[in-house]
Amino acid sequence: MNTFLILIVLVLVAIAVWQMAKIFELSQTNSSNSEVATDKDNKYNGYLMFAFLIFIYGITIFSFWKYSKMLLPEAASAHGGEYDLLMLISFVLIFIVQTITQALLHYFAYKYRGEEGKKALYFADNDKLEFIWTIIPTIVLAGLIIWGLYTWTVITDINDEDDPLIVELYAQQFNWTARYAGDDNVLGDSNVRLIDIDKANILGIDEGDTYGSDDVIVKELHLPVGRKVNFKMRSQDVLHSAYMPHFRAQMNCVPGMITEFSFTPIKTTAEMRQDPDVVEKVKRTNKIRAEKAANGVPNSDPWEYDYLLICNKICGKSHYNMQMKIIVESEEDFNKWLADQKTFGQSMAAN
């Protein structure tokens with residue numbers, strides 16, 4: 001709130017200074033009232049264009065230096081490397097084109113500034129130039145689009161090859177629930193109309209479907225490293241988006257339908273915590289938390305890096321808090337953890 005008030009004050013001060021400057025200008029009766037820019041004005045404007053060019057390059061370099069540490073670490077899924085490469089190539093091309101075009105724009109603004117007695121020469125049209133600046137972007141963009149479509153097709157290829165683990169992600173305001181398909185690796189039928197809170201049937205699983213009796217419902221997502229996972233996603237209320245940034249995976253959760261996404265984790269949580277970028281990030285974060293804790297700020301305990309499932313749609317007032325911890329571990333540890341969980345059938349029998 002204080003920041004907002006400060007911004008308002010600064011805006012009002014800027015308006016006041018501008019108005020005072022206009023009043024001062026109008027009060028100078030002896031000054032020329034011509035609105036035509038002089039050679040001196042054009043020269044200064046040309047220099048200002050160069051100054052602004054230096055400013056935007058400077059702020060760009062500063063941003064790379066200052067904020068690159070905020071980027072996600074190396075992808076933890078099999079398809080993540082291709083995804084990151086595509087984004088890197090796109091950004092490099094954009095940066096090169098932006099650097100060249102901005103330099104030419106500001107240079108020409110100075111070189112061809114207005115001068116008294118000098119008449120501008122222009123071409124009404126130039127077929128050769130128009131062909132060049134049309135065909136080059138067309139070829140580059142076509143290449144990026146084709147590569148992107150191919151990459152997206154590969155990433156979103158949902159199939160049952162390689163014995164994938166079947167997991168359902170169930171979204172509701174404002175939490176996630178995961179359901180494993182159990183020993184038969186087949187999810188039981190479910191419907192929101194079958195939800196029965198009194199019997200702890202929070203996902204609306206059909207109690208008459210034998211495939212659902214061995215399903216496992218949890219609030220913490222465990223995944224085996226090196227094994228493909230097919231996610232089936234549902235939403236109980238509004239549009240959500242299952243976003244797992246470390247795995248470069250995202251898919252909307254739409255009420256009334258099932259959406260799907262799959263990936264193969266390639267790094268356990270323990271391995272990712274040893275990544276140099278992650279180690280440095282944890283160190284920086286815990287330094288800030290230690291300073292806050294020393295000043296009595298609550299919720300400033302030391303932080304440990306984890307994979308997260310978060311909602312990437314603004315789904316309501318507690319959207320920011322809609323997340324689930326993801327633990328990637330060896331298949332042996334995963335199987336042991338899954339065996340310790342109570343099945344849906346056991347939960348229904350207990351109720």
Side-chain angles (χ1 to χ4, degrees), residues 1-16 58-76 169-178 197 200 202 217-223 235-250 253 265 267-329 333 337 340-341:
M1 187 64 182
N2 289 337
T3 303
F4 180 67
L5 291 175
I6 291 171
L7 288 173
I8 291 177
V9 171
L10 290 175
V11 170
L12 293 175
V13 168
I15 293 173
I59 198 69
T60 300
I61 294 170
F62 171 78
S63 297
F64 276 117
W65 171 76
K66 181 72 174 178
Y67 299 110
S68 291
K69 60 187 179 183
M70 305 296 181
L71 297 174
L72 287 168
E74 185 179 357
L169 296 179
Y170 188 79
Q172 62 185 122
Q173 296 173 313
F174 298 95
N175 65 82
W176 295 96
T177 304
I197 301 300
I202 59 175
I217 301 171
V218 294
K219 284 292 186 179
E220 185 175 81
L221 187 60
H222 285 241
L223 301 176
S235 173
Q236 177 175 303
D237 34 50
V238 300
L239 185 67
H240 297 279
S241 184
Y243 180 39
M244 293 168 271
H246 307 96
F247 304 98
R248 310 302 191 262
Q250 177 172 304
C253 304
K267 278 190 174 184
T268 65
T269 299
E271 289 172 339
M272 183 57 83
R273 287 175 179 171
Q274 298 303 314
D275 183 277
D277 290 338
V278 172
V279 171
E280 186 61 29
K281 186 187 291 288
V282 172
K283 185 178 178 180
R284 290 195 310 268
T285 303
N286 284 334
K287 180 180 178 182
I288 297 171
R289 283 176 168 254
E291 293 171 354
K292 289 185 175 182
N295 294 324
V297 179
N299 302 318
S300 299
D301 298 330
W303 173 64
E304 190 171 44
Y305 193 90
D306 281 309
Y307 296 130
L308 288 175
L309 163 64
I310 59 179
C311 178
N312 207 23
K313 286 285 187 292
I314 302 177
C315 56
K317 62 182 180 180
S318 294
H319 153 76
Y320 70 95
N321 201 35
M322 187 172 169
Q323 58 183 261
M324 176 189 277
K325 182 178 178 181
I326 303 175
I327 297 175
V328 180
E329 55 200 353
D333 289 340
W337 170 83
D340 291 337
Q341 307 306 309

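When reading the values below, keep in mind they use all heavy atoms of this one structure, side chains included, and skip hydrogens, waters and symmetry mates. Position 1 is the first residue of the sequence, and the numbers go up from there.
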Practice item. Under the side chain to side chain donor-acceptor pair (under 3.5 Å) rule, what do His246 and Tyr305 come out as? Steps first, then yes or no, please. Key: CA-CA 11 Å; His246 307 96; Tyr305 193 90; 2.9 Å; yes

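- Of the possible donor and acceptor atoms, none in the side chain of Lys325 sits under 3.5 Å from a partner among the backbone N and O of Leu308.
- The NZ atom of Lys219 sits 6.0 Å away from atom CE of Met324, with the distance rounded to the nearest 0.5 Å.
- Residues Ile217 and Thr177 are in side-chain contact: their nearest non-hydrogen atoms beyond the backbone lie under 4.5 Å apart.
- Between Met322 and Asn175, the shortest heavy-atom distance links the atoms CE-O, 3.5 Å.
- The main-chain N or O of Thr268 is found under 3.5 Å from a side-chain atom of Glu271 such that the two form a donor-acceptor pair.
- For the pair Leu169 and Ala178, the tightest heavy-atom approach, listed with the atom from each and the gap, is CD2-CB, 4.3 Å.
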Practice item. Would you sort out whether Glu280 and Val282 count as a side chain to side chain contact (heavy atoms under 4.5 Å, CB included), showing the intermediate values? Key: CA-CA 5 Å; Glu280 186 61 29; Val282 172; over 6 Å; no

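- Heavy atoms from other residues, nucleotides or ligands lying under 6.0 Å from CD1 of Ile314 number 12 at most.
- Using cut-offs of 30° and 60° for the angle between ring planes, the Tyr307 and Phe247 rings count as tilted.
- Nearest heavy-atom pair, His240 versus Ser235, reported as atom, atom and distance to 0.1 Å: CD2-OG, 3.2 Å.
- A donor-acceptor distance shorter than 3.5 angstrom exists from the side chain of Asp237 to the backbone of Gln173, with no hydrogens or angles considered.
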Review point. Does the pair Phe174 and Cys315 meet the rule for a side chain to side chain contact (heavy atoms under 4.5 Å, CB included), with working shown?
Key: CA-CA 8 Å; Phe174 298 95; Cys315 56; 3.9 Å; yes

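- Atom OG of Ser63 sits about 11.5 Å away from atom CE of Met70, to the nearest 0.5 Å.
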Exercise for review: Tell me, with the steps shown, if Gln323 and Cys311 meet side chain to side chain contact (heavy atoms under 4.5 Å, CB included).
Suggested key: CA-CA 7 Å; Gln323 58 183 261; Cys311 178; over 6 Å; no

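- Trp337 is listed as a side-chain neighbour of Val218, based on a closest heavy-atom distance under 4.5 Å.
- In terms of heavy-atom proximity, Met272 sits nearest to Lys267 at CE-CD, 3.9 Å.
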Exercise for review: Apply side chain to side chain contact (heavy atoms under 4.5 Å, CB included) to Leu10 and Leu12, showing your working.
Suggested key: CA-CA 5 Å; Leu10 290 175; Leu12 293 175; over 6 Å; no

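- Checked by atom type and distance alone, the side chain of Thr269 pairs as donor or acceptor with a backbone atom of Val328 at under 3.5 Å.
- Taking both residues in full, the closest heavy atoms of Ile202 and Gln236 are given as O-OE1, 4.3 Å, listed atom of the first, atom of the second, then distance.
- When all heavy atoms of Trp303 and Arg289 are compared, the pair lying nearest together is CB-NE, 3.6 Å.
- Residues satisfying the salt bridge (charged side-chain N to carboxylate O under 4.0 Å, His left out) criterion with Arg284, sequence neighbours excluded, are absent altogether.
- Ser300 contributes a side-chain N or O that, together with a main-chain N or O of Val297, makes up a donor-acceptor pair within less than 3.5 Å.
- A salt bridge is defined here as a Lys NZ or Arg NE, NH1 or NH2 lying under 4.0 Å from an Asp or Glu carboxylate O, and Lys69 with Asp277 fails to meet this definition.
- In the displayed structure, Lys317 atom NZ is contacted under 6.0 Å by at most 12 heavy atoms of other residues, nucleotides or ligands.
- Heavy atoms of other residues, nucleotides or ligands lying less than 6.0 angstrom from CD of Glu74 number 12 at most.
- Distance check, rounded to the nearest 0.5 Å: CG of Asp306 to CD of Glu220 gives 8.0 Å.
- Taking CD1 of Ile327 as the reference point, atom NE2 of His222 lies at 3.5 Å (rounded to 0.5 Å).
- The distance from the CD1 atom of Ile310 to the CD1 atom of Ile326 is 9.5 Å, given to the nearest 0.5 Å.
- Interatomic distance, CD1 of Ile59 versus NZ of Lys66, reported as 11.5 Å (0.5 Å rounding).
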